[in-house]
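Residue numbering restarts at 1 for every chain, and letters A, B, ... go by the order of the sequence lines.
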Amino acid sequence: MPRLVLIDGSSYLYRAFHALPPLTNAQGEPTGALFGVVNMLRATLKEKPDYAAFVVDAPGRTFRDDLYADYKANRPPMPDDLAAQVGPMCEIVAALGFPILREAGVEADDVIGTLAVAACRQGIEVTVSTGDKDFAQLVRPGITLVNTMTGSVLDPAGVVEKFGVAPERIVDYLALMGDSVDNVPGVEKCGPKTAAKWIDAYGSLDGVIAAAPEMKGKIGENLRAALGRLPLNRELVTIRTDVAMPLGPAELVLRGRDADTLRGLYARYGFTQALRELDGGTAADAAAEGTLRNTAAGYARSGGGQAEAADPALAAKGEYRCVTTREDLDAWTARAKAAELVAFDVETDALDALRARLVGLSLAVQPGEACYIPLAHDYPGCAPQLDFDEVLAALRPVLEDPAVAKVGQHGKYDLHVMRRHGIAVRNYSQDTMLESFVLNSTASRHDMDSLAARYLGYTTTRYEDVCGKGAKQIAFSQVELEHATGYAAEDADVTLRLHRALHPRLEAEPALLAVYRDIEVPLIEVLARIEANGVLVDAEELRRQSHDLAKRMHEAEQKAHALAGRAFSLESPKQLQAILFDELKLPALVKTPKGQPSTNEEALEAIADQHDLPRLILDYRGLAKLRGTYTDKLPASINPDTGRVHTSYHQAGAATGRLSSSDPNLQNIPIRTEDGRRIRRAFVAPEGRRIVACDYSQIELRIMAHLSEDPGLVAAFEGGMDVHRATAAEVFGAGSPEAVTGEQRRAAKAINFGLMYGMSAFGLSRQLGIARGEAQDYIAAYFARYPGVRDFMERTREQARERGYVETVFGRRLYLNDITSRNQGLRAGAERAAINAPMQGTAADIIKRAMVEVDRWLDGQGARAAMIMQVHDELVFEADEGFVPTLVAEVTTRMQAAAALRVPLVVDAGVGNNWDEAH
DNA sequence: TGCTCCTGCAA
DNA sequence: TATTGCAGGAGCA
């Protein structure tokens with residue numbers, strides 16, 4: 001059957017622009033969106049469609065503007081960096097041989113809709129290539145959607161699976177939700193879940209409208225409020241299939257490509273892969289580089305496909321091997337041993353690396369060549385697997401061989417699992433998650449599925465695809481070997497391909513490569529060791545505290561009910577709102593972002609002098625928080641095997657380069673109040689050991705001094721002064737630091753910290769409880785005394801605007817997508833982040849470097865000391881009592897030497913029987 | 001059960 | 001109208 005591909009050009013252009021880092025060519029012209037579109041088109045051509053067209057919007061009004069005056073009224077103009085890519089895009093599209101369609105008075109959507117339906121009637125199979133979910137309404141037998149950037153293919157069943165409604169009901173679904181991008185308001189609070197549920201329950205939009213009077217709750221009111229708009233919404237979101245077209249589907253013939261023009265354009269924009277392919281590179285080469293859209297997944301979903309099977313590179317892809325014989329195992333270990341880089345990936349039965357049991361293991365040695373070695377699948381009728389210990393014994397010489405380099409995706413997990421099975425993986429030297437993180441930390445996710453979609457245009461088999469999800473999810477050991485192999489071997493394969501796609505990008509930026517290679521990669525093993533070490537938590541102590549807190553909460557609750565004159569839940573902001581502002585008529589001084597009277601800490605503080613209840617609520621909340629989050633939950637986190645708490649550190653967690661911690665989060669254990677500090681007393685050292693805490697003093701302010709080179713600030717740190725006191729002396733003209741009052745020092749501290757976060761006079765006035773004009777005067781005085789700081793901040797904002805990113809002392813980048821936004825709030829937010837990121841990020845770089853050095857030293861010290869926690873500017877250790885002095889001296893030295901700034905780095909160390917005492 | 005909102009802990 | 005995180009409970013459907 002002949003096939004027509006209709007490409008939604010505008011959709012791809014926008015999506016590529018936002019999905020890819022702001023790449024530029026050698027001349028500094030933006031190329032990111034272009035790159036994405038070109039790869040997509042090349043992938044489309046590989047599928048050899050019989051007919052194709054690239055459809056874009058024509059300028060000017062359309063019938064939708066006539067229907068609805070505000071249609072797309074809040075859509076910002078196209079960003080300059082994107083507009084600059086439109087011309088070159090059309091040149092490339094034309095040179096590739098695609099007909100370009102641009103019809104005045106109708107949107108690209110309607111052109112596509114009309115052609116798709118007409119072609120379908122003529123017996124032509126249609127693929128609509130778009131990233132826009134609205135097109136799901138066109139799907140029917142003979143018309144499928146494909147998103148080449150993510151590789152997903154949608155047929156009618158796929159639409160139902162993805163949206164929860166049939167293609168014919170997509171317009172109803174969209175009408176309910178509305179579309180903020182096009183300025184079409186739907187039903188407030190009605191998102192994808194609610195819309196699908198209603199349509200499922202009432203059959204259609206008309207059914208929902210008919211049922212509106214009986215709908216309960218707030219959302220029912222919202223629906224009734226929106227009723228008048230819904231028919232118009234449906235009309236606006238309906239793609240027309242009957243517009244007049246000068247060309248019929250069968251006239252959309254691909255011309256041959258114009259190789260000379262393409263060569264010039266590819267060279268100009270630096271598309272080396274495309275250029276190589278043009279000059280005789282094979283399809284297999286291209287597949288190895290990951291430029292081809294994968295088909296294994298798409299294939300399975302579209303019920304197979306002869307066209308793809310004809311391509312040797314793709315056929316190779318299906319050859320994932322399930323290893324169940326000794327001969328196969330020996331062959332694969334030999335290949336791995338000989339490979340210059342082996343991708344490996346473990347499959348287990350749990351997410352927690354410190355509890356998970358190994359179920360299987362996969363290896364990839366070349367793109368497209370991967371195997372899965374099942375070890376512990378145990379469903380009825382499962383084919384025999386190789387002996388668990390025999391396989392590990394065979395793999396050990398490879399995994400522990402320092403001469404064989406390994407690559408993985410989030411390999412810290414795999415390292416944990418292998419270590420717990422007695423294998424110490426050596427030379428784990430590449431990690432695709434970290435490659436992605438260093439290349440662009442602000443990319444929303446760094447998981448393999450997202451990376452494969454973003455960088456390879458490849459749709460991976462997801463975990464849910466083989467295991468299901470929610471209550472019906474099964475363990476990986478229950479998955480049939482055939483499916484398990486398709487999933488697991490693909491993981492290793494894709495990891496290897498991703499590495500080949502990502503590493504060259506790092507190599508092109510030496511500073512980024514250094515951050516990746518010298519900081520992040522060495523840190524993987526260090527973090528794995530810290531997590532494995534864990535920290536000893538005294539569960540009995542926490543239980544006592546829980547009990548005490550519960551008693552005090554009960555007392556507070558009784559008093560609060562008495563004060564309010566009735567019983568209510570102290571933990572419900574809504575009920576509290578009613579009591580405080582409606583019944584007690586206290587003034588609502590603070591609003592939530594949604595305009596509700598807030599009951600947050602600030603709001604309660606503000607009215608605490610008018611009534612006793614707010615203070616009581618604040619006390620209660622403090623107690624409830626401690627109990628709910630810490631004293632009750634921490635004991636549950638103790639690993640039964642080790643008797644200790646093992647957090648998980650996320651190396652690609654915070655965009656600035658900081659680590660984050662979860663399960664449990666050990667980076668937000670209370671410290672500021674006495675009750676909070678008691679919790680730290682439950683973090684203890686075993687008999688004969690001590691807790692040692694070493695933290696950087698004022699590290700971010702020191703980095704600000706370094707970056708700004710401000711003489712006053714640098715001098716304060718070089719002189720070893722109390723920097724807040726010194727600042728106060730300067731700003732308030734106290735004469736000497738000794739003459740500074742406590743109040744002045746507090747204000748100076750607020751200024752110092754506020755500036756690092758890009759705070760305004762408004763924020764400072766609120767923080768200090770002073771008038772805005774006064775706060776403005778303080779800030780002016782500060783900048784007059786520390787002009788270098790002001791210049792640094794201006795420079796940073798400028799750099800962010802010009803380059804689209806800021807960087808740390810070590811060259812780590814943070815892209816700020818909103819820095820040129822027309823939306824003033826977003827832009828201001830990005831500017832604040834731009835100021836903060838170099839300081840927060842440099843501090844993160846420094847402590848990461850220190851951790852690597854300290855770990856290297858600890859490695860030679862046996863079990864006398866171990867690193868057990870990191871809290872942004874603090875490293876915590878557990879050490880033999882007699883070893884403490886050595887540890888403090890050696891750690892302090894290494895932490896201070898982790899960076900050579902214009903000001904000294906100072907480290908404070910504390911020792912105790914628990915974490916509280918060590919401060 | 002999953003989703004959103006509000007709240008609050010740390011550096 | 002102060003940065004970066006994680007995580008709890010309430011309310012809702």
Side-chain angles (χ1 to χ4, degrees), chain A residues 188-198 201 215-220 222 441-442 469-472 569-577 592-594 596-604 617-618 621-622 624-630 632-633 647-650 653-673 675-676 679-680 695-696 698-701 750-767 772 775 814 824-825 828-841 843-844 847 869-874:
Chain A
E188 209 175 324
K189 287 274 154 57
C190 175
K193 306 278 172 190
T194 307
K197 201 179 51 191
W198 281 349
M215 293 272 205
K216 286 182 304 208
K218 183 74 190 159
I219 193 121
N222 292 342
S441 66
T442 56
K469 62 174 183 175
K472 280 179 288 185
S569 165
L570 276 70
E571 287 174 22
S572 161
K574 212 169 167 181
Q575 294 185 28
L576 195 53
Q577 237 176 55
T592 65
K594 293 206 162 269
Q596 293 292 307
S598 172
T599 58
N600 68 12
E601 184 174 1
E602 187 196 345
L604 295 183
I617 300 287
L618 287 169
R621 276 195 190 154
K625 171 80 178 182
L626 289 178
R627 192 162 86 104
T629 312
Y630 303 105
D632 278 357
K633 293 288 156 57
T647 184
S648 176
Y649 288 103
H650 306 286
T656 53
R658 269 192 182 183
L659 298 178
S660 74
S661 151
S662 68
D663 307 298
N665 181 358
L666 294 186
Q667 292 181 321
N668 72 342
I669 304 299
I671 193 169
R672 290 176 198 184
T673 64
D675 279 325
I679 291 165
R680 293 193 172 220
D695 69 291
Y696 284 109
Q698 311 285 10
I699 188 166
E700 292 190 15
L701 268 181
I751 298 173
N752 277 329
F753 280 108
L755 286 172
M756 287 193 298
Y757 301 138
M759 187 172 66
S760 61
F762 177 92
L764 182 63
S765 71
R766 220 175 42 163
Q767 172 75 26
R772 196 162 151 183
L814 182 78
Q824 125 112 332
E831 287 184 0
R832 290 193 297 271
I835 288 179
N836 178 255
M839 292 180 272
Q840 192 181 114
I847 197 163
M869 284 188 279
Q870 190 255 38
V871 192
H872 305 310
D873 64 359
E874 172 183 3

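dC9(B) atom P lies 18 Å from atom CD of Glu874(A), rounded to whole Å. Atom CG of Leu659(A) is separated from atom P of dT3(C) by 21 Å (rounded to the nearest Å). The nearest whole Å value for the distance from the CG atom in Leu626(A) to the P atom in dT7(B) is 18 Å. Rounded to whole Å, the distance from CD on Gln840(A) to P on dA10(B) is 16 Å. His650(A) has its NE2 atom 18 Å from the P atom of dT4(C), to the nearest Å. Taking atom CG on Asp632(A) and atom C1' on dA7(C), their separation rounds to 14 Å, with Å as the unit. Nucleotide dT3(C) holds its C1' atom 14 Å from the CG atom of Asp873(A), rounded to whole Å. Separating the OH atom of Tyr630(A) from the P atom of dA7(C) is a distance of 10 Å, rounded to the nearest angstrom.
Between dC6(C), dG5(C), dA11(B), one nucleotide has an atom nearer to the side chain of His872(A) than all others, and that is dA11(B). Listed nucleotides dG9(C), dG5(C), dT3(C) differ in distance to Asn836(A); the shortest reach to its side chain belongs to dT3(C). In this structure, the nucleotide among dG9(C), dA7(C), dG5(C) sitting nearest to the side chain of Lys633(A) is dG9(C). Residue Val871(A) has its side chain nearest to dA11(B) when only dT1(C), dA11(B), dT4(C) are considered. The side chain of Lys625(A) lies closest to dC9(B), out of dA11(B), dC9(B), dG5(C).
Counting only heavy atoms from C-beta outward, the side chains of Leu666(A) and Val871(A) never approach each other to under 4.5 Å.
The nearest pair of heavy atoms linking Gly763(A) to Met759(A) is C-SD, 3.6 Å. Nearest heavy atoms, Ile847(A) versus Gln870(A): CG2-NE2, 3.4 Å. For Ala837(A) against Leu814(A), the heavy-atom pair with the smallest separation is CB-CD2, 3.3 Å. Of all the heavy atoms in Phe762(A) and Arg772(A), the pair that sits closest is CD1-NH1, 3.9 Å. Annotation for Leu659(A) and Gln667(A): closest pair O-OE1, 3.6 Å, computed over non-hydrogen atoms. Between Ile679(A) and Pro670(A), the closest heavy-atom pair is CD1-CG, 4.1 Å.
Residues from residues 751-765 of chain A with heavy atoms under 4.0 angstrom of DNA chain B: there are none. Taking a 4.0 Å limit (strictly below) on heavy-atom distances, residues 664-673 of chain A reaches DNA chain C at Asn665(A), Asn668(A).
Annotation: the span from Asn752(A) atom CG to Leu701(A) atom CG amounts to 5.0 Å, rounded to 0.5 Å. Atom-to-atom distance recorded for Leu755(A):CG and Ile835(A):CD1 is 8.5 Å, nearest 0.5 angstrom.
Between Ser662(A) and Thr656(A), the residue whose closest nucleotide on DNA chain C is further toward the 5' end is Thr656(A).
In this structure, Asp695(A) has no side chain to side chain donor-acceptor pair (under 3.5 Å) partners at least two apart in sequence or on a different chain.
When the side-chain nitrogen and oxygen atoms of Arg832(A) are compared with OP1 and OP2 of dT3(C), one or more of them lie within a distance under 4.0 Å. Contact annotation: Arg621(A) reaches the phosphate of dG8(B) (side-chain N/O to OP1 or OP2, under 4.0 Å). At the phosphate of dG8(C), neither OP1 nor OP2 sits under 4.0 Å from any side-chain N or O atom of Thr629(A).
Contact annotation for Asp663(A): backbone-only contact, meaning every heavy-atom pair under 4.0 Å involves sugar-phosphate atoms and none involves a base. Contacts of Ala655(A) with the nucleic acid, taken as non-hydrogen atoms under 4.0 Å apart, involve only primed sugar atoms and P, OP1 or OP2.
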